[in-house]
Amino acid sequence: SIQVMNKVFEWWKSFDCNEQELLEAKLSVFSDLDAPMDVSKEGLGLFNHDISDEERQDLRDSIFKVDRQSLDAVVRKYFESNVWPCSTVA
């Protein structure tokens with residue numbers, strides 16, 4: 001909800017994680033990305049989302065590069081202002 005989104009920046013300012021916790025979070029994401037899938041779903045994923053093996057690897061590489069500074073930049077860019085285009089009704 002918009003109310004939850006408006007609290008993200010305040011939560012982020014008080015959030016403290018170390019390198020080990022960040023690594024564990026990345027490994028959790030990788031476990032989802034790398035979970036075995038049956039052949040029919042693999043082909044369906046390529047058909048529905050047009051994602052090649054190379055693009056999946058690029059995604060993995062990008063996730064692996066995430067650090068505290070890059071997370072901070074994303075949170076500040078998208079959550080600091082608390083201005084949501086869909087938060088007002090015309």
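Along the sequence shown, residues are numbered consecutively beginning with 1.
For the pair Arg76 and Asp72, the salt-bridge criterion is met [side-chain N within less than 4.0 Å of a carboxylate O]. Using a 4.0 Å cut-off between charged side-chain N and carboxylate O, Lys13 and Glu10 make a salt bridge.
The two residues Leu22 and Asp67 make their nearest non-hydrogen contact at CD2-CA, 3.8 Å. The two residues Lys65 and Lys26 make their nearest non-hydrogen contact at C-NZ, 4.4 Å.
Going from atom OG of Ser28 over to atom CG of Leu23 covers 11.0 Å, rounded to the nearest 0.5 Å. Between the CD1 atom of Ile63 and the CG atom of Leu27 there is a distance of 11.0 Å, given to the nearest 0.5 Å. Rounded to the nearest 0.5 Å, atoms CZ (Phe9) and OH (Tyr78) are 15.0 Å apart.
A 6.0 Å sphere centred on CD of Glu21 holds more than 12 heavy atoms belonging to other residues, nucleotides or ligands. Surrounding CZ of Phe64 are at most 12 heavy atoms belonging to other residues, nucleotides or ligands under 6.0 Å away. For CD of Gln3, the number of neighbouring non-hydrogen atoms (other residues, nucleotides, ligands) closer than 6.0 Å is 12 at most.
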**Request:** I would like to know whether Val29 and Arg60 meet side chain to side chain contact (heavy atoms under 4.5 Å, CB included); could you show each step before the answer?
**Result:** CA-CA 9 Å; Val29 171; Arg60 291 181 93 260; over 6 Å; no

**Request:** Please assess Arg68 against Cys17 for the test side chain to side chain contact (heavy atoms under 4.5 Å, CB included), listing each intermediate value before the final yes or no.
**Result:** CA-CA 8 Å; Arg68 179 70 189 211; Cys17 72; 3.7 Å; yes

**Request:** Output, in order, the C-alpha distance, side-chain angles, deciding distance and verdict of side chain to side chain contact (heavy atoms under 4.5 Å, CB included) for Val75 and Glu80.
**Result:** CA-CA 7 Å; Val75 170; Glu80 186 170 23; over 6 Å; no

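Side-chain contact check for Asp34 versus Arg56: some heavy-atom pair is nearer than 4.5 Å.
A side-chain donor-acceptor contact under 3.5 Å links Ser62 to the backbone of Asp58.
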